[in-house]
2 protein chains.
Amino acid sequence: MTTPAPVSAGSRDLPHPPREEIRLEGVLQALSDPMRLRIVRELAAVGDELSCSQFDLPVTKSTSTHHFRVLRETGVIRQVYRGTAKLNGLREDDLDDLFPGLLAGVLDAAARQDARLGSGPALPSGHAAPRRGQQ
Amino acid sequence: MTTPAPVSAGSRDLPHPPREEIRLEGVLQALSDPMRLRIVRELAAVGDELSCSQFDLPVTKSTSTHHFRVLRETGVIRQVYRGTAKLNGLREDDLDDLFPGLLAGVLDAAARQDARLGSGPALPSGHAAPRRGQQ
DNA sequence: TCGTTCGTACGATAGTCATCGTAGTACGGC
DNA sequence: GCCGTACTACGATGACTATCGTACGAACGA
């Protein structure tokens, strides 16, 4: 089986949970990680889809992949291949339908905390290991 | 060191984080556990303080203590000794000040999810191990 | 076809955490 | 003073997870 049939022309597709299977506990857990909260905040700020490499995260590519996958599998983001890149977008529609106001509340809370802690108007910085491997 | 000096007369007091030290990530993580979310929902529903033993949680007392401590240390609840019992109350004031609407949003989301999944109007039931040890 | 870029898969590792059981402390009533 | 109730502390354990590094796969451009 050496990749029998790639099928998809311009996009392999990734497994996403359907709207009804998104669980609040999962979403909260996903958002409770600083790295993932940062990703989500940036996506919300941009209001558009971003490829993984557009985020300047202080972790290696493998770890980055891990976090994006967690976000996708918990239903927080949507991922689509676009050529060699992978576009990430918030599932605002689904989240707002299931849990109206929740995402906005978390984003607002994060912004307030940032302002309060004086992390400047931009996004927060490190929190764990600032070492950067291969990336 | 056999408890050198208990100090407090009628109430040993427990360490709570001051309002300014409550972190969003901590709160989200605390709420992402089903058992703890259940505790918080019950506290919010009652709107008053409850002792630990008033919750009928499907875990042993040790585990219960653990969850209450996590909630206290992350700043979600306030705990005060009252005789042999320990009263637990939501820190709604502090949370609403730091993150307006967040707690309400999470509680509302939990209620909606319950309704959607048909867990009845009451609180959800088990989710992990229904075995009950000493308790 | 070749190389580059972007991301994945896999294995390893260290840390955290939810859970338990047992033993112990604090308070209040008898 | 003694006992029961309420909760804690400690140690153990199994599971999960955030991180890394290396090796690989897929798309694109020259």
Side-chain angles (χ1 to χ4, degrees), chain A residues 1-15 25-26 29-30 32-36 39 50-55 57-74 79-88 126-135, chain B residues 1-15 25-26 29-30 32-39 50-55 57-74 79-88 126-135:
Chain A
M1 313 149 136
T2 56
T3 52
V7 181
S8 52
S11 63
R12 310 144 268 181
D13 42 335
L14 299 153
E25 296 89 333
Q29 176 130 48
S32 72
D33 183 278
M35 204 70 62
R36 293 193 288 259
I39 292 173
L50 291 177
S51 73
C52 296
S53 54
Q54 313 217 36
F55 297 85
L57 301 175
V59 289
T60 60
K61 281 197 302 178
S62 334
T63 306
S64 224
T65 298
H66 163 69
H67 286 306
F68 279 105
R69 181 172 40 190
V70 170
L71 286 171
R72 170 169 50 80
E73 292 179 342
T74 52
Q79 295 189 295
V80 188
Y81 277 106
R82 179 85 173 193
T84 104
K86 192 158 71 170
L87 292 185
N88 305 277
H127 14 57
R131 41 199 289 230
R132 319 182 53 162
Q134 49 160 244
Q135 78 164 282
Chain B
M1 289 56 154
T2 56
T3 51
V7 182
S8 51
S11 61
R12 312 144 265 182
D13 39 335
L14 300 154
E25 297 89 334
Q29 175 130 46
S32 72
D33 182 278
M35 205 67 63
R36 292 193 290 258
L37 182 56
R38 178 167 162 165
I39 291 172
L50 291 178
S51 71
C52 297
S53 54
Q54 313 220 36
F55 296 85
L57 302 175
V59 290
T60 61
K61 280 197 303 177
S62 335
T63 306
S64 223
T65 297
H66 163 69
H67 286 307
F68 279 106
R69 181 171 42 190
V70 170
L71 286 171
R72 171 171 49 83
E73 290 178 344
T74 53
Q79 294 190 298
V80 188
Y81 277 107
R82 178 86 173 193
T84 104
K86 192 158 71 169
L87 292 186
N88 304 277
H127 15 55
R131 43 197 287 229
R132 321 183 51 165
Q134 48 159 249
Q135 80 165 285

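These numbers come from a predicted model, not from an experiment. Residue numbers start from 1 in every chain, and the chains themselves are labelled A, B, ... in the order their sequence lines are given, proteins ahead of strands.
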Using OP1 and OP2 only, check whether a side-chain N or O of [X] sits under 4.0 Å from [N].
X        : N       : value
Arg36(A) : dA18(D) : yes
Arg69(A) : dA9(C)  : yes
Thr63(B) : dC20(C) : yes
Thr65(B) : dC7(D)  : no

Please name the pair of heavy atoms, one in Ser51(B) and one in Asn88(B), separated by the smallest distance, quoted to 0.1 Å.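 Ser51(B) and Asn88(B) have their closest heavy atoms at C-ND2, 3.7 Å.
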
In terms of heavy-atom contacts, Ile39(B) and Phe68(B) come closest through CG2-CE2, 3.7 Å

[X] has a side chain; which of [options] sits nearest to it?
X        : options                  : value
Ala85(B) : dA9(D), dA6(D), dC20(D)  : dA6(D)
Thr84(A) : dC7(D), dC6(C), dA18(D)  : dC6(C)
Met35(A) : dT19(D), dA9(D), dC20(C) : dT19(D)
Ser51(B) : dC20(C), dC7(D), dC27(C) : dC7(D)
Cys52(B) : dC7(D), dT19(D), dT19(C) : dC7(D)

Open item on the list: What I want to check is whether an N or O donor and acceptor connect the side chain of Ser62(B) with the base of dG21(C) at under 3.5 Å.
Closed with: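 By the distance-only test, yes, there is a pair.
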
Expressed in angstrom and rounded to an integer, what is the separation of [X] atom [atom1] from [N] atom [atom2]?
X        : N       : atom1 : atom2 : answer
Lys61(A) : dA26(D) : NZ    : C1'   : 13 Å
Glu25(B) : dT16(C) : CD    : C1'   : 16 Å
Glu73(B) : dC17(C) : CD    : P     : 10 Å
Leu14(A) : dA26(D) : CG    : P     : 13 Å
His66(B) : dA18(C) : NE2   : C1'   : 5 Å
Ile39(B) : dC7(D)  : CD1   : P     : 12 Å
Leu50(A) : dC6(C)  : CG    : C1'   : 15 Å
Gln29(B) : dA18(C) : CD    : P     : 7 Å

Please classify the nucleic acid contact of Ser53(B) as base, sugar-phosphate, or nothing, using heavy-atom distances under 4.0 Å.
sugar-phosphate

Counting the atoms with a prime plus P, OP1 and OP2 as sugar-phosphate, which does Ser64(B) contact under 4.0 Å by heavy atoms, base, sugar-phosphate, or nothing?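 If one applies the 4.0 Å heavy-atom cut-off, Ser64(B) turns out to touch nothing in the nucleic acid.
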
task: Establish, from distance only, whether the side-chain atoms of Thr60(A) and Thr63(A) form a donor-acceptor pair under 3.5 Å.
output: yes

For residues Met35(B) and Val59(B), determine if any side-chain heavy atom of one lies less than 4.5 Å from a side-chain heavy atom of the other.
-> yes

Margin query: So does Lys61(A) get a backbone contact from the side chain of Ser64(A), meaning a donor-acceptor N/O pair under 3.5 Å?
Written below: no

